[in-house]
S.K.: 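Dumping the structure here so I can ask a few things about it.
What you see below is based on every heavy atom in this structure, not just the backbone, and it leaves out hydrogens, waters and symmetry mates. Source: prediction; values computed, not measured. In this chain, residues are counted from 1 in sequence order.
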Amino acid sequence: TFKTSTATLSETDAGGILVEIPFTAPARGEGSLTVTLHAGMAVAGTNFTIDQELTNNSFSFNVVRNTTGVSFKVFPINNDLYTGNFRLAFTISDISGVVLKGNISSYTLTIFDDEVPSLARFALPSGSVEETNGDGIVVDILLSGPVKGEGTVIITMTGKNLFYGTHFTT
């Protein structure tokens with residue numbers, strides 16, 4: 001059983017977070033416990049690290065007599081990119097020997113990104129150009145701050161009987 005089912009961690013917290021799986025009583029013999037990670041869009045080694053060796057998105061603990069629990073640490077990797085928040089889901093996926101699953105067999109850790117997205121907006125709410133003006137018009141799009149990663153701005157144009165290539169080009 002995980003000590004708690006959810007937690008949060010800031011991308012800037014270099015000390016990471018300790019994830020605990022306490023036992024209800026000291027182990028009365030030997031066994032093992034395997035934890036499986038579902039990282040979603042997060043990538044181990046790029047967005048976070050774990051102090052256990054991941055093999056096929058899981059890691060195991062050997063339990064010996066009198067063990068009172070196991071734990072592992074998750075460390076965020078602080079970068080200068082906006083990647084959004086990451087949700088890591090850990091589950092106790094396999095047990096053996098004297099180890100039994102408790103009532104909290106999953107744990108969700110959300111790593112909060114410290115960068116924010118750049119917001120795009122038009123510099124002016126409207127504009128016009130004469131049909132005979134061959135130079136066209138420049139439409140400026142402003143960003144709220146420096147871009148901290150890759151992104152896309154999609155512009156949708158609407159109007160009656162307005163066709164790209166016939167009535168305007170970019």
S.K.: Assigning hydrophobic clusters by single linkage (Ile, Leu, Val, Met, Phe, Trp, Tyr; side-chain heavy-atom cutoff under 4.5 Å), is V153 placed with L119?
M.R.: no
S.K.: Is any side-chain heavy atom of T1 closer than 4.5 Å to a side-chain heavy atom of T24?
M.R.: no
S.K.: Pair I92, Y107 - check side-chain contact (heavy atoms from CB on, under 4.5 Å), show working.
M.R.: CA-CA 9 Å; I92 298 172; Y107 175 86; over 6 Å; no
S.K.: Is there a donor in the side chain of S58 and an acceptor in the side chain of T36, or the other way round, less than 3.5 Å apart?
M.R.: no
S.K.: Taking atom CG of N56 as the centre, report whether more than 12 heavy atoms of other residues, nucleotides or ligands fall under 6.0 Å from it.
M.R.: no
S.K.: If we only count heavy atoms from C-beta on, is the F61 to Q52 side-chain gap below 4.5 Å?
M.R.: yes
S.K.: Could you give me the CA-CA distance, side-chain angles and deciding distance for I111 and N47, then say whether side-chain contact (heavy atoms from CB on, under 4.5 Å) is met?
M.R.: CA-CA 9 Å; I111 300 175; N47 306 114; over 6 Å; no
S.K.: Quick one: pull up CD1 in I104 and CD1 in I21 and give me the separation to the nearest 0.5 Å.
M.R.: 11.0 Å
S.K.: Check whether L33 and L54 end up in the same hydrophobic cluster, where Ile, Leu, Val, Met, Phe, Trp and Tyr are linked by side-chain heavy atoms less than 4.5 Å apart.
M.R.: yes
S.K.: Can you tell me how far the CZ atom of F112 sits from the OG1 atom of T12, to the nearest 0.5 Å?
M.R.: 12.0 Å
S.K.: Decide yes or no on side-chain contact (heavy atoms from CB on, under 4.5 Å) for F90 and I50, but give the supporting numbers first.
M.R.: CA-CA 12 Å; F90 297 91; I50 299 176; 3.8 Å; yes
S.K.: Out of curiosity, L109 CG to T8 OG1, how far, rounded to the nearest 0.5 Å?
M.R.: 7.5 Å
S.K.: When rounded to the nearest 0.5 angstrom, what distance separates OG1 in T83 from CD in E115?
M.R.: 7.0 Å
S.K.: In this structure, which one of L142, D140, L143, I141 forms a side-chain contact (heavy atoms from CB on, under 4.5 Å) with R121?
M.R.: L142
S.K.: Between the side chains of S96 and S32, is a donor N or O closer than 3.5 angstrom to an acceptor N or O?
M.R.: yes
S.K.: Do L18 and F59 belong to the same hydrophobic cluster, where Ile, Leu, Val, Met, Phe, Trp and Tyr are linked whenever their side-chain heavy atoms lie under 4.5 Å apart, directly or via other members?
M.R.: no
S.K.: Taking atom CD of E30 as the centre, report whether more than 12 heavy atoms of other residues, nucleotides or ligands fall under 6.0 Å from it.
M.R.: no
S.K.: Are there over 12 heavy-atom neighbours, none belonging to K73, within less than 6.0 Å of that residue's NZ?
M.R.: yes
S.K.: Can you tell me how far the CG atom of L9 sits from the CG atom of N85, to the nearest 0.5 Å?
M.R.: 11.0 Å
S.K.: Once rounded to the nearest 0.5 Å, what's the spacing between atom OG1 of T91 and atom CG of N57?
M.R.: 10.5 Å
S.K.: Are F72 and F23 connected in a single hydrophobic cluster, I mean Ile/Leu/Val/Met/Phe/Trp/Tyr linked by side-chain heavy atoms less than 4.5 Å apart?
M.R.: yes
